[in-house]
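Values below: all heavy atoms of this structure, side chains included; hydrogens, waters and symmetry mates excluded. Every chain is numbered from 1, with letters handed out A, B, ... down the list of sequences.
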Amino acid sequence: MYRSHNCGELRMDHVGQTVTLSGWVQKSRDLGGLTFVDLRDRYGITQLVFNMDENQVLTEKARKLGREFVVRAEGQVRERSSKNANRATGNIEIDVKDLQILNASKTPPFTIEEDTDGGEDLRMKYRYLDLRRGPLQRNLMFRSKLAVETRKYLSDVGFIEVETPNLIKSTPEGARDFVVPSRMNPGEFYALPQSPQTFKQILMVGGFDKYFQIVKCFRDEDLRADRQPEFTQIDCEMSFVTRDQILDTFEGLTKYLFKQMLDTELPDFPKMSYDEAMERYGSDKPDTRFGMEFTDMTETVKGKGFGVFDSAEFIAGICAEGIAESYSNKDLKQLTEWLQRPQIGCKGLVYAKLNNDGTIKSTVGKFYSDDDLKLWAEKMGGKSGDILLLLCGEKEKTQKQLNELRLEMGRRLGLMDPKVFNPLWVVDFPLLEWDEESERFHAMHHPFTSPKTEDIDRMMTGDHETMKALRADAYDLVINGVEIGGGSVRIHDRDLQSKNFDLLGFTKEEAEAQFGFLLGAFEYGAPPHGGIAFGFDRLNAVMNGQNSIRDFIAFPKNTSGRDMMIDAPSPVDNEQLDELYLSLQEIEKSGA
RNA sequence: GGUAUUGUAACUCAACGGUAGAGUGCCCGACUGUCUCUCGGGUGGUUGCGAGUUCGAUCCUCGUCAAUACCGCCA
């Protein structure tokens, strides 16, 4: 027997019992005649004691243990003479009678502790060591429970979990596909699914009116801290439902998950239109934990001789509360430079400091009287002690930049409380997005998204400008400025679907070749349906107040899409290539 | 594809253009109540790689590779 108990469960109640523990050596403290060894498993740490007077051979053996040795120890639980209040098992220790080294270990390249000294790349290479650390263990246990609770909730309200294939068909819309060559079908390729989108819609046609799946999705696009090439979704679809029934169902799920996992009661989720989100926050995923909302100043500030404003399409600002005294000119200059980085690309920042003594200091004081500036303050809700920050330019671009500024100020002023969760539904997204480069429309959500009922007529007959303004029955769940998931009511009418493909620039033949199976299915009685998918990795991260999803994935990839542990991707043998009828082009290495 | 930052001992980081250093780890020794044990000694380097400038480069310049963050991209 390797263990009678784990390393986290022994307490004063167990004193006197003979127990067997197995685990890893966290650390040993050799005091000469007395040696302490901290034994660790995923449940906790228990102290082993060896005494030279009582058993010299065993103590000598214990003194030779290195970090991360795997050992089995048998002995008696006893009360400690000096207790450690910082540890759950800190009142007891094991007086070891027998010690077995199950496996020795090389010295690990970084410390296996709560806060490791290892850098990201080392931790990735030795992921199996990093996984032994408390934070990673807790994250993966959290993830496991979150999946279990999701299944519990959804199956309790009647959802059926159905698996869909991973070897499917490449489609031109959306992200780049990962592609898999088919040996049995020379010259042809499968694609890995970007999501089970078409399959879940076909399941609706198949009569599974409530479907869900916790499923891997694959997208061959550049990565970020919150984006992996393979990631997991809670994917759902429902038939015979309205938009609000879908939203209610998943609001219910979200509330349930927060209650079960964090014991947090979420309030009802507000619904905000895409347009409103853009006006108030300049973002389709606003962080509503703090205010600092936009004020449109276009009309207010024009006509006073300040050319930059007078010629601008759009001028808007935010009010940063209570920092007039603490923010020096140097700070503001530095903030301006931050805004001027190419990633953001502002030309400049206009500010007005509303000093506590009632004076106002502004970069554009030359053009605006104190009364003018007081009007600004009034419009923007500024009071003494605040700083008004204004940006101007082309409307969409300026909104985007002001959004960045708002978020940065939120960060700097500590307004993003990690303990607070502010969910909201962003609804009524645009149906189509005009792509200047290819000079055609793209589906903002995906090609099966239904326009809002009231927009259908305009869609069938409207001109180009009308098309840009069409609203879709599409929605996102946003929590603390993170897009947790999104979905839409789908088109179930073949004519409407054809029109949509038309607008997206598909010929009939292309549409048939790409999506014929779905269109065919729709001819046999497709029910009205809609659905949603949550980013499961992101949900884990957000619930734990973290930005990076990597520490919630057991084996993540780095920013170049490499698995540093197994060193993938890697070349394959010519034999393998031949079998697949593939030949490689020379890869040009520049320079060298 | 672009912008930026970083690359020095096993790890985390220092070092004005002038013989490369600390803490941690690791090894040896001492130590009977530690839990960041303590104390003494020791080990440890192709400064990512390649050019260039210079009497001399970890430092400056160019190239290159890699990691990370962001933009583009991605729902």
Asks: Check whether any side-chain N or O of A:Asp41 sits under 3.5 Å from a backbone N or O of A:Tyr43 as a donor-acceptor pair, and report yes or no.
Replies: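 Here the side-chain-to-backbone pair exists.
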Asks: Between A:Arg471 and A:Pro451 (side chain of the first, backbone of the second, donor and acceptor by atom type, cut-off under 3.5 Å), is there such a pair?
Replies: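 Checking the backbone N and O of A:Pro451 against the side chain of A:Arg471, no donor-acceptor pair under 3.5 Å is found.
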Asks: Starting the side chain at C-beta, find the nucleotide from B:A75, B:G72, B:C73 nearest to A:His445.
Replies: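 Closest nucleotide among those given: B:A75.
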Asks: Considering only heavy atoms and no angle criterion, is a donor-acceptor pair shorter than 3.5 Å present between the side chain of A:Asn84 and the base of B:C35?
Replies: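 A donor-acceptor contact between them is present.
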Asks: Starting from P on B:C74, measure out to CZ on A:Phe178 and report it in whole angstrom.
Replies: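 Distance, rounded to whole Å: 15 Å.
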Asks: Side chain of A:Arg78 only, please: which of B:A67, B:G33, B:U36 is the nearest?
Replies: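 Comparing B:A67, B:G33, B:U36 against the side chain of A:Arg78, the answer is B:G33.
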Asks: Return the value, rounded to whole Å, for the distance between atom CD of A:Glu68 and atom C1' of B:G25.
Replies: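 From A:Glu68 CD to B:G25 C1': 13 Å.
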Asks: Kindly point out which of B:C74, B:U34, B:C11 is positioned nearest to the side chain of A:Ala175?
Replies: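 The closest nucleotide is B:C74.
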Asks: B:C70 base to A:Gln343 side chain: any donor-acceptor pair below 3.5 Å?
Replies: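 By the distance-only test, yes, there is a pair.
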Asks: What integer distance in Å separates A:Arg562:CZ from B:A67:P?
Replies: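 It works out to 8 Å between those atoms.
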Asks: Of the candidate nucleotides B:C70, B:U3, B:G33, which contains the atom at the shortest distance from the side chain of A:Leu34?
Replies: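 In terms of side-chain proximity for A:Leu34, the closest of B:C70, B:U3, B:G33 is B:G33.
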Asks: Quick check for you: among B:A75, B:G33, B:C35, whose closest atom lies nearest to any side-chain atom of A:Glu483?
Replies: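 Given the options B:A75, B:G33, B:C35, the side chain of A:Glu483 is closest to B:A75.
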Asks: Distance criterion of 3.5 Å, no angle test: do you see the side chain of A:Asp117 paired donor-to-acceptor with the base of B:G25?
Replies: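 A donor-acceptor contact between them is absent.
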Asks: Mind checking A:Ser81 for me? I need base, sugar-phosphate or nothing, with any heavy atom below 4.0 Å counting as a touch.
Replies: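 The answer is base, as A:Ser81 lies within the cut-off (heavy atoms under 4.0 Å) of a base atom.
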Asks: Rounded to whole angstrom units, what separation is found between the CG atom of A:Asp121 and the P atom of B:G7?
Replies: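 So the two atoms are 13 Å apart, to the nearest Å.
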Asks: Measure from the side-chain heavy atoms of A:Arg224 and tell me the nearest of B:U34, B:A75, B:C71.
Replies: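 It is B:C71.
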Asks: Name the pairing partner of B:A22, where a pair is Watson-Crick or G-U wobble with both distances under 3.5 Å, or state none.
Replies: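 B:U12 - that is the nucleotide pairing with B:A22, both distances being under 3.5 Å.
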Asks: Does any donor-acceptor pair link the side chain of A:Arg219 with the base of B:C73 at a separation under 3.5 Å?
Replies: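 Under the 3.5 Å cut-off, the side chain and the base do not form any donor-acceptor pair.
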Asks: Where does the angle between the aromatic ring planes of A:Trp434 and A:Phe441 fall among parallel (under 30°), tilted (30 to 60°) and perpendicular (over 60°)?
Replies: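 Ring orientation, 0 to 90° scale: perpendicular.
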Asks: Count the heavy atoms of every other residue, nucleotide or ligand shown that sit under 6.0 Å from NZ of A:Lys61, and state whether that count exceeds 12.
Replies: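 Yes, NZ of A:Lys61 has more than 12 neighbouring heavy atoms, counting only those of other groups under 6.0 Å.
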Asks: For the pair A:Arg227 (side chain) and A:Asp222 (backbone), establish whether a donor and an acceptor sit closer than 3.5 Å, ignoring hydrogens and angles.
Replies: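 Checked: pair present.
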Asks: So if I define the base as every atom that isn't primed, P, OP1 or OP2, how would nucleotides 38-44 of chain B read as a B/S/- string at a heavy-atom cutoff under 4.0 Å?
Replies: -------
Asks: Tell me which nucleotide, if any, is Watson-Crick or G-U wobble paired with B:C27 when both distances must be under 3.5 Å.
Replies: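 With both distances under 3.5 Å, B:C27 matches B:G41.
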Asks: Check this for me: does the side-chain of A:Arg227 come within 3.5 Å of the base of B:C73 through a donor and an acceptor?
Replies: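 Answer yes: a donor N or O sits under 3.5 Å from an acceptor.
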Asks: Under a 3.5 Å cut-off for both distances, is B:A67 Watson-Crick or wobble paired, and to whom?
Replies: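 WC or wobble partner is B:U5.
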Asks: Taking only the side-chain heavy atoms of A:Gln233 (C-beta and beyond), determine which of B:C73, B:A75, B:A10 contains the nearest atom.
Replies: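 It is B:A75.
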Asks: Just by distance, do the side chain of A:Glu68 and the backbone of A:Thr107 share a donor-acceptor pair under 3.5 Å?
Replies: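 Looks like no, no N/O pair under 3.5 Å.
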Asks: To the nearest angstrom, how far is A:Ile112 atom CD1 from B:C11 atom C1'?
Replies: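 Rounding to the nearest Å, CD1 of A:Ile112 and C1' of B:C11 are 12 Å apart.
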Asks: When you check the phosphate oxygens OP1 and OP2 of B:C26, does a side-chain N or O of A:Arg67 lie under 4.0 Å from one of them?
Replies: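 Checking A:Arg67 against B:C26: at least one side-chain N or O falls below 4.0 Å of OP1 or OP2.
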Asks: Now, which nucleotide makes the Watson-Crick or G-U wobble pair with B:C60, with each of the two distances under 3.5 Å?
Replies: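 Result: B:G52.
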Asks: Looking only at the side chain of A:Asn558 (C-beta and beyond, no hydrogens), which of the listed nucleotides B:C37, B:A75, B:A67 gets closest?
Replies: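 Closest nucleotide among those given: B:A67.
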Asks: Relative to the ring of A:Tyr128, is the ring of A:Tyr126 parallel (under 30°), tilted (30 to 60°) or perpendicular (over 60°)?
Replies: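 Answer is perpendicular, since the angle exceeds 60°.
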Asks: Just the rounded figure in Å: distance from C1' of B:C70 to CG of A:Asn403.
Replies: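 That distance rounds to 14 Å.
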Asks: Quick one: does A:Arg490's side chain have a donor or acceptor within less than 3.5 Å of a partner on A:His529's backbone?
Replies: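 Such a contact is absent between A:Arg490 side chain and A:His529 backbone.
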Asks: From the options B:C37, B:G72, B:G33, select the nucleotide whose nearest atom is closest to the side chain of A:Phe36.
Replies: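 Closest of the options to the side chain of A:Phe36: B:G33.
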Asks: What is the separation between atom CG on A:Asn91 and atom C1' on B:C35, rounded to the nearest whole Å?
Replies: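 In whole Å, B:C35 C1' lies 13 Å from A:Asn91 CG.
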Asks: Report the base-pairing partner of B:G33 (Watson-Crick or G-U wobble, both distances below 3.5 angstrom), or none.
Replies: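 Check on B:G33: unpaired, no WC or wobble geometry under 3.5 Å.
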Asks: Considering Watson-Crick and G-U wobble pairs with both distances under 3.5 Å, what does B:U47 pair with?
Replies: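 No nucleotide pairs with B:U47.
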Asks: Please determine, for the side chain of A:Arg29, which listed nucleotide (B:U34, B:A75, B:G33) has the closest atom?
Replies: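 Selected nucleotide: B:U34.
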Asks: With a 3.5 Å cut-off and heavy atoms only, can you find an N or O donor on one side and an acceptor on the other between the side chain of A:Glu221 and the base of B:G72?
Replies: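 Result: no qualifying N/O pair found.
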Asks: B:C27 C1' sits how many Å from A:Arg63 CZ, rounded?
Replies: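 Roughly 14 Å, once rounded to whole Å.
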Asks: Just N and O in the side chain of A:Ser560: are any of them under 4.0 Å from OP1 or OP2 of B:A67?
Replies: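 Looking at the OP1 and OP2 atoms of B:A67, one of them is under 4.0 Å from a side-chain N or O of A:Ser560.
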Asks: Donor-acceptor check, side chain of A:Arg406 to backbone of A:Asp287, threshold 3.5 angstrom: yes or no?
Replies: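 Present.
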Asks: Given 3.5 Å as the limit, does a donor-acceptor pair link the side chain of A:Arg123 with the main chain of A:Gly118, or not?
Replies: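 No; zero donor-acceptor contacts below 3.5 Å.
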